[in-house]
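Written out below as structure tokens is the structure these notes cover.
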Amino acid sequence: MTNSLMNIACEYIRTYFKEAALQEKTLVYVRYTFEKTGFFAKLSGLHYDVFWQRKRTGEKEQLMVIVELLFLALDIMDDIQDGDGHEHPWGEVDTAQNLNILTGLLMVCFLEVNRLQMDETIKGGVLHMIQANVVKAINGQAADLQNRLETEEDYLNMVSMKSGSLIEIACLLGAGEVKPAIEKEMKVYAHYLGIVEQLRNDVYDLFQPEKKSDLYHKKKTLPVLFCLNSEQSKYEAVKRYYQSGREESSTEEERAAVQSLLIEGDALSYCSVIEKLYLYKIRTSVTRMPISEKQKKQLMAGLFS
């Protein structure tokens, strides 16, 4: 991400976070975040470019920064709940301070939305959209934390709430005021994109057991559910592992064996098929949108880059 976006974000932190230690830690988090890919900010920027008719100087950058700070806050929350994030700077900070920082970041985002140069009615709708989707995402996260998923449908519904709702924020905030028919399709492909991104993360995490706790906590992701619902005898070890109760009851050797079965069996091929299906659904949804062919091509190029 560009230095200009990082500078805007850091200025927000200096403006609102006056306590020295709070400001210092948060600036470290912000710089770290803005040096990475900035997936959500780029998504908002793409939708701004495609859909905004009257563009104002600096407006796109403001929206991108708001989105990225919002997701930084929710990222910290997610890592606290999952016991992950040790590779991130907030992984070295105690929970009490991180809760303070993530709450402050959320408030900064709402304050900055209020400062946007747009009609007050539209602004109220934007704030409601953000708040409603954050609540949906929290419901999805609650379902994920309970770890009671049994089927592919359970997983897809949970991910749609948890990840799809957040991507919906990035898309709608970036797009601004659009026709209802456009907004309807945007919400559809936002949730499909959320499924694709979460599925990719879950597969990637299988290869990172030293950084991610999914395997240790016996979290039921889609590749795991594939094995649990399979009738093939080679997955019996996976079933025993996930049905054996507490995390402490398993050994490193058992976890390594389960990891190998998840990686070397058919689960990843199955996940690849599901990913391709949802990528196709995204393309179909964009194709249905009542926008110009130029806009469709621009949107497709950004979503699939």
Side-chain angles (χ1 to χ4, degrees), residues 39 74 77-78 81-82 84 132-172 183-207 212-245 247 258-259 261-288 303-304:
F39 171 77
L74 296 172
M77 183 188 298
D78 189 67
Q81 293 172 331
D82 290 342
D84 283 335
N133 277 295
V134 168
V135 171
K136 288 178 188 175
I138 288 171
N139 277 275
Q141 175 71 347
D144 194 18
L145 288 170
Q146 290 177 56
N147 203 28
R148 294 175 182 169
L149 308 178
E150 300 294 338
T151 65
E152 175 187 310
E153 184 180 6
D154 292 341
Y155 173 88
L156 294 174
N157 288 336
M158 178 274 292
V159 170
S160 182
M161 279 197 297
K162 177 182 173 180
S163 300
S165 298
L166 299 181
I167 289 183
E168 185 179 320
I169 293 174
C171 296
L172 292 177
E183 182 178 320
K184 179 183 177 181
E185 288 298 341
M186 200 178 296
K187 289 179 178 179
V188 168
Y189 70 67
H191 284 259
Y192 292 159
L193 185 57
I195 289 170
V196 170
E197 290 299 317
Q198 186 62 54
L199 183 54
R200 286 173 176 171
N201 286 341
D202 289 343
V203 169
Y204 173 78
D205 291 349
L206 285 178
F207 295 87
K212 296 293 181 178
S213 61
D214 289 3
L215 198 60
Y216 177 78
H217 291 308
K218 303 181 180 180
K219 186 175 178 181
K220 294 179 181 177
T221 59
L222 193 60
V224 171
L225 288 169
F226 172 84
C227 296
L228 294 180
N229 291 313
S230 173
E231 295 181 359
Q232 297 183 61
S233 59
K234 64 181 178 181
Y235 296 123
E236 288 303 317
V238 177
K239 294 177 182 179
R240 285 196 302 273
Y241 178 78
Y242 281 88
Q243 293 166 358
S244 63
E247 293 92 340
V258 169
Q259 182 193 18
L261 283 168
L262 289 168
I263 291 173
E264 296 168 9
D266 303 318
L268 297 191
S269 297
Y270 166 72
C271 290
S272 178
V273 170
I274 298 298
E275 178 185 333
K276 288 174 182 175
L277 171 63
Y278 278 90
L279 290 172
Y280 173 77
K281 286 174 176 279
I282 293 168
R283 291 188 180 93
T284 303
S285 182
V286 172
T287 302
R288 285 197 302 258
L303 289 173
F304 293 99

From CA spacing to verdict: side-chain hydrogen bond (donor to acceptor under 3.5 Å, both in side chains), D202, Q198: CA-CA 6 Å; D202 289 343; Q198 186 62 54; 3.0 Å; yes
Minimum-distance pair of heavy atoms, taken over all atoms of L303 and I282: CD1-CG2, 4.1 Å
Closest approach of V134 to I169 (non-hydrogen atoms, all atoms of both residues): CG2-CD1, 3.9 Å
Check for a donor-acceptor pair, side chain of [X] on one end and backbone N or O of [Y] on the other, with a separation under 3.5 Å.
X: S285; Y: E185; result: yes
X: S160; Y: L156; result: no
X: N157; Y: D154; result: no
X: D144; Y: K219; result: no
X: S230; Y: F226; result: no
X: D214; Y: L206; result: no
X: S165; Y: M161; result: yes

State, yes or no, whether a side-chain contact exists between [X] and [Y] at a heavy-atom distance under 4.5 Å.
X: L199; Y: V159; result: no
X: D205; Y: T221; result: no
X: Y192; Y: L277; result: no
X: M77; Y: L74; result: yes
X: D266; Y: Y235; result: yes
X: L228; Y: V238; result: yes
X: E152; Y: Y155; result: no

Within 45° cone and under 6.0 Å: R288 NZ/CZ vs Y189 ring: no
K218 to Y241 six-membered ring, cation-pi geometry met (6.0 Å, 45°): yes
N-O pairing of E183 and K187 below 4.0 Å: yes
Ionic contact status for D78 with K162, cut-off 4.0 Å: yes
